[in-house]
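Let me begin by presenting the structure, written as structure tokens, before commenting on it.
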Protein chains: 2
Amino acid sequence: MTSMAATQPSKDLSYLLDHTSHVLRTRMSAALAEIGMTARMHCVLVHAVEEERTQAQLAEIGDMDKTTMVVTVDALEKAGLAERRPSSQDRRARIIAVTEEGARVAVQSQKIVDGVHNDAVASLPEADRKALLHALNLLVEGHLATPAESPRPARRARQSK
Amino acid sequence: MTSMAATQPSKDLSYLLDHTSHVLRTRMSAALAEIGMTARMHCVLVHAVEEERTQAQLAEIGDMDKTTMVVTVDALEKAGLAERRPSSQDRRARIIAVTEEGARVAVQSQKIVDGVHNDAVASLPEADRKALLHALNLLVEGHLATPAESPRPARRARQSK
DNA sequence: TATTGTTATACTCTATAACTATA
DNA sequence: TATAGTTATAGAGTATAACAATA
């Protein structure tokens with residue numbers, strides 16, 4: 001399966017949103033992959049370039065777990081796009097410093113992201129474009145602002161060796 | 001992380017679609033969970049109740065892998081909502097027969113699904129409702145019809161024991 | 001005591017491969 | 001040979017727990 005909800009008797013809202021978001025995501029991944037980037041690397045890079053930020057701050061912005069942040073920063077470092085630098089304020093924290101190459105790539109990846117979005121939006125008749133973005137914004141700020149909390153499956157304690 | 005894309009510098013299409021579909025999905029899961037159902041169980045159940053169908057046919061309809069279908073049918077059987085019956089046409093195939101209880105639950109779960117969708121759509125001003133559904137339909141049938149094929153990570157041959 | 005970043009790893013999800021029985 | 005369903009399991013993704021350094 002692709003990533004799907006599975007209902008679609010007559011195309012309902014779940015199907016429409018799941019399908020469009022899934023397809024757009026595959027497009028985005030494919031487009032960013034051409035320059036060796038992922039959506040998460042892009043997200044971290046653009047927010048790191050605009051201001052000095054620590055991993056924790058960048059994780060917060062991108063709504064990532066701190067452990068996910070670690071692997072994302074690892075990837076950026078490995079690609080020579082960013083470096084971990086000790087914070088002068090807090091010796092526990094690491095500032096994610098974007099390299100010159102990283103800054104160039106950030107511009108490039110932002111263009112790619114904008115392009116993918118633009119291609120999708122521009123495929124709609126003028127009148128529908130604003131309507132779509134407007135309605136989605138209303139949902140995001142209104143009825144679909146926050147997830148229903150899911151019955152969290154707890155986790156066993158780690159085996160001590 | 002919840003399931004996120006991670007860009008959102010200024011809310012873009014990716015963020016809007018990812019966020020709304022994710023939140024709607026959590027709502028749907030939570031609502032269906034109250035009667036012990038999942039979206040997939042619901043999908044299989046409603047399509048199995050309307051006509052005699054095999055697992056393969058139901059998998060096709062729900063865009064599920066046949067192995068995912070196995071566990072979904074297992075769950076339905078365990079819950080007493082459906083049974084596997086040998087097909088009279090093809091002795092390899094199994095018809096998914098919905099029990100009386102299953103038929104009742106299908107009606108109930110459909111109400112839940114419709115309710116969740118309706119709550120979301122009804123939260124929008126009248127004018128925006130149609131506009132949203134219309135625009136999403138255009139995307140689904142047009143520019144966002146089919147996923148970009150992802151660089152499939154192949155799979156090693158299974159270890160023979 | 002609490003927090004930053006790290007490592008290790010448990011868990012979920014889904015799909016691939018191999019298998020059995022049919023066709 | 002190909003297909004329906006099954007089992008086992010690989011692999012990706014992600015979050016939890018424990019830890020070290022520091023606050």
**Message:** Would you say that B/Ser14 contacts A/Arg25 through its side chain, given a criterion of any heavy-atom pair below 4.5 Å between the two side chains?
**Reply:** no
**Request:** Using salt bridge (charged side-chain N to carboxylate O under 4.0 Å, His left out) as the criterion, list what pairs up with B/Glu50, not counting sequence neighbours.
**Result:** B/Arg53
**Asked** For C/dA21, does OP1 or OP2 lie under 4.0 Å from any side-chain N or O of B/Arg91?
**Response** no
**Message:** Taking side-chain hydrogen bond (donor to acceptor under 3.5 Å, both in side chains) as the cut-off, I'd like each qualifying pair that reaches into residues 79-88 of chain B, sequence neighbours left out, listed once.
**Reply:** B/Gln55-B/Arg84, B/Asp74-B/Arg84, B/Glu77-B/Arg84
**Fill in**
Stems with DNA chain D, 3 or more Watson-Crick or G-U pairs in a row (under 3.5 Å), are C:1-23 with D:1-23
Give the table of side-chain donor-acceptor pairs shorter than 3.5 Å for residues 94-101 of chain A, with sequence neighbours excluded, one pair per line with atom names and distance.
{"residue": "A/Thr99", "atom": "OG1", "partner": "A/Gly80", "partner atom": "O", "Å": "2.8"}
{"residue": "A/Thr99", "atom": "OG1", "partner": "A/Leu81", "partner atom": "O", "Å": "3.2"}
{"residue": "A/Thr99", "atom": "OG1", "partner": "A/Gly102", "partner atom": "N", "Å": "2.9"}
{"residue": "A/Glu101", "atom": "OE1", "partner": "A/Arg104", "partner atom": "NH2", "Å": "3.1"}

**Request:** Starting from C1' on D/dA17, measure out to CG on A/Asp65 and report it in whole angstrom.
**Result:** 12 Å
**Asked** Have A/Ser109 and A/His42 got a donor and an acceptor in their side chains that come within less than 3.5 Å?
**Response** yes
All N/O pairs under 3.5 Å across the protein-nucleotides 2-6 of chain C interface:
{"residue": "C/dT3", "atom": "O4'", "partner": "A/Arg92", "partner atom": "NH1", "Å": "3.4"}
{"residue": "C/dT3", "atom": "O2", "partner": "A/Arg92", "partner atom": "NH1", "Å": "2.6"}
{"residue": "C/dG5", "atom": "OP1", "partner": "A/Gln55", "partner atom": "N", "Å": "3.2"}
{"residue": "C/dG5", "atom": "OP1", "partner": "A/Arg94", "partner atom": "N", "Å": "2.9"}
{"residue": "C/dG5", "atom": "OP1", "partner": "A/Arg94", "partner atom": "O", "Å": "3.3"}
{"residue": "C/dG5", "atom": "OP2", "partner": "A/Ala56", "partner atom": "N", "Å": "2.7"}
{"residue": "C/dG5", "atom": "N7", "partner": "A/Lys66", "partner atom": "NZ", "Å": "3.4"}
{"residue": "C/dG5", "atom": "O6", "partner": "A/Lys66", "partner atom": "NZ", "Å": "3.3"}
{"residue": "C/dT6", "atom": "OP1", "partner": "A/Arg84", "partner atom": "NE", "Å": "2.8"}
{"residue": "C/dT6", "atom": "OP2", "partner": "A/Gln55", "partner atom": "OE1", "Å": "2.9"}
{"residue": "C/dT6", "atom": "OP2", "partner": "A/Gln55", "partner atom": "NE2", "Å": "2.9"}
{"residue": "C/dT6", "atom": "OP2", "partner": "A/Arg84", "partner atom": "NE", "Å": "3.4"}
{"residue": "C/dT6", "atom": "OP2", "partner": "A/Arg84", "partner atom": "NH2", "Å": "3.2"}

**Between C1' of C/dC13 and CE of B/Met41, the distance in whole Å** = 17 Å
**Prompt:** CE of A/Met64 versus P of D/dG13: gap in Å, rounded?
**Reply:** 14 Å
**Asked** Got a sec, which residues hit side chain to side chain contact (heavy atoms under 4.5 Å, CB included) with B/Ser21, two or more places apart in sequence or on another chain?
**Response** A/Leu17, A/Asp18, A/Ser21
**Prompt:** Do B/Val70 and B/Val73 belong together in a cluster built from hydrophobic side chains that touch within less than 4.5 Å?
**Reply:** no
**Request:** Rounded to the nearest 0.5 Å, what's the gap from NZ on B/Lys11 to CG on A/Leu133? Could you check?
**Result:** 12.5 Å
